[in-house]
Structure formats: C-alpha cells, structure tokens
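Reading through the structure tokens given below for one structure.
Hydrogens, waters and symmetry mates play no part in the numbers below; they use all other heavy atoms, side chains included. Quick caveat, the model's predicted, so the values are computed rather than measured.
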Amino acid sequence: GEALNQLSENEVSSGTTMELYDEISENKFEQSIKLNDLPEDQKEYLSIKTIFDDKNYNLAIEEFTSFIDRFGSSSLTLRARFWRAESNLRIKNWASAAEGFLTTFSADPNGPLSSYALFGLVLSLAELGEHRQSCAALNEIENRDREKFLQFNDQLQAFGKNLNCSAYQ
C-alpha cells in the first residue's frame, strides 16, 4: 500500500549498520599482513567486497556466487551470501534478496550476521507485500537484540517505511 511507496532517494539497505562490523575485520587483515600474503579466499572476498562498495551490484552478485561455489568451506562464505543478498536488495531483486537473507540467517541463527540478515528479510519481505512475515522477522530482532531493533527501526522511519506491525499482534 502507500506505506511502501517507491523508494525515496535513500538507498534501502540492511547492511548500513553492518559496514562498521565489516570494516573492523578488514582492517585487522590489512594491518597484520599485506594483501598478497592473504589466503586466497580472503583476497578474493576483499576484492569482491570492493566491487560491492563501488555499487556495482550486478557484478558483485556474479562474483559472490562464484566465490560461494569455489570456497564453499571458507569461513567467509556466509558473509559472501549476506552481501550477495544485500546486492540483490539494492537492485530491487526482492525475492532473491529475501531468499539470500533467509539462507544466511538459517545457516547461523545466533551468529554475528543474524540480526542483519533478519533486517534484510524485513525489508525484502515488506517490498514483496508479505507484511505479516516481515513483521515476524522484525519481532524476532526485537526479541534478540533490543538495541539493534531500535537502530533498525530508526532506519525504517528514515526510509519512510511504516510496516504497521501492530495490526498483526
């Protein structure tokens, strides 16, 4: 409905608050060893993340997909799945985004990415018109992490998204 009118100038993103988390670990890589000395998967991940950061989302999706195929056992695979879902979100592939965020969440429901993946679900499900499920995901974030919930809620307000979740209580 009008609650989810076309996106404003703001780019909808579940990863905004996560950039911080990602930068921290990347800086650790850079300080401890030069890029050339990094393991293959880390080098590859960082180079694809740069493509994402340059907002080249279609290419990022292809590259993350190939990364996931090649480095299935890497500890970075889940992050690659998250950023692939985030890329889909940003180019409005709502269904692929929702699927990707759900996979990320299910793979590690209590991991560091779980709240961000749930918020990605909130956004993509809302865009798909699945308001009840979207609110269920938002509710799950609130139950897990009140502080992140408030942060994400501010973001929803900023994007002009009013999910009207009280209707489903």
Can you name the closest pair of heavy atoms from [X] and [Y] and give their distance?
| X | Y | result |
| --- | --- | --- |
| F67 | A80 | CD2-CB, 3.6 Å |
| L138 | V122 | N-CG2, 3.4 Å |
| Y57 | R90 | OH-NH1, 3.1 Å |
| A98 | S124 | CA-OG, 3.4 Å |
| A60 | S87 | CB-OG, 3.9 Å |
| L163 | S134 | CD1-OG, 3.6 Å |

Separation between [atom1] of [X] and [atom2] of [Y], rounded to the nearest 0.5 Å:
| X | Y | atom1 | atom2 | value |
| --- | --- | --- | --- | --- |
| L76 | R81 | CG | CZ | 13.0 Å |
| D69 | T77 | CG | OG1 | 10.0 Å |
| W83 | T104 | CH2 | OG1 | 11.0 Å |
| L118 | L102 | CG | CG | 9.0 Å |
| E44 | L38 | CD | CG | 12.0 Å |
| T103 | D108 | OG1 | CG | 13.0 Å |

Heavy atoms, side chains only, cut-off 4.5 Å: are [X] and [Y] in contact?
| X | Y | value |
| --- | --- | --- |
| Y116 | F152 | yes |
| K148 | F119 | no |
| K49 | R79 | no |
| L89 | F101 | yes |
| L150 | R146 | yes |
| I61 | N88 | yes |
| S74 | Y45 | no |
| R84 | F52 | no |

> Same hydrophobic cluster for I91 and L121, using side-chain heavy-atom links shorter than 4.5 Å among ILVMFWY?
Replying inline: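 In one cluster: yes.
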> Mind checking whether L46 and I51 sit in one hydrophobic cluster, side chains of I, L, V, M, F, W, Y counted as touching below 4.5 Å?
Replying inline: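 No, it is not one cluster - the side chains of L46 and I51 are not joined through contacts under 4.5 Å.
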>> Is there a side-chain contact (heavy atoms from CB on, under 4.5 Å) between N162 and L156? Walk through the geometry before answering.
In response: CA-CA 7 Å; N162 177 10; L156 285 172; over 6 Å; no
> Charged N to carboxylate O under 4.0 angstrom, K161 versus E127?
Replying inline: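 E127 and K161: salt-bridged.
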> In terms of heavy-atom contacts, does CD of E99 have more than 12 from other residues, nucleotides or ligands at under 6.0 Å?
Replying inline: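 Not more than 12 within 6.0 Å, no.
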> More than 12 foreign heavy atoms under 6.0 Å from CD of E147: is that the case here?
Replying inline: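 Result for CD/E147: open.
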> Sequence neighbours excluded, which residues qualify as salt bridge (charged side-chain N to carboxylate O under 4.0 Å, His left out) partners of E140?
Replying inline: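 So E140 forms a salt bridge (charged side-chain N to carboxylate O under 4.0 Å, His left out) with R144.
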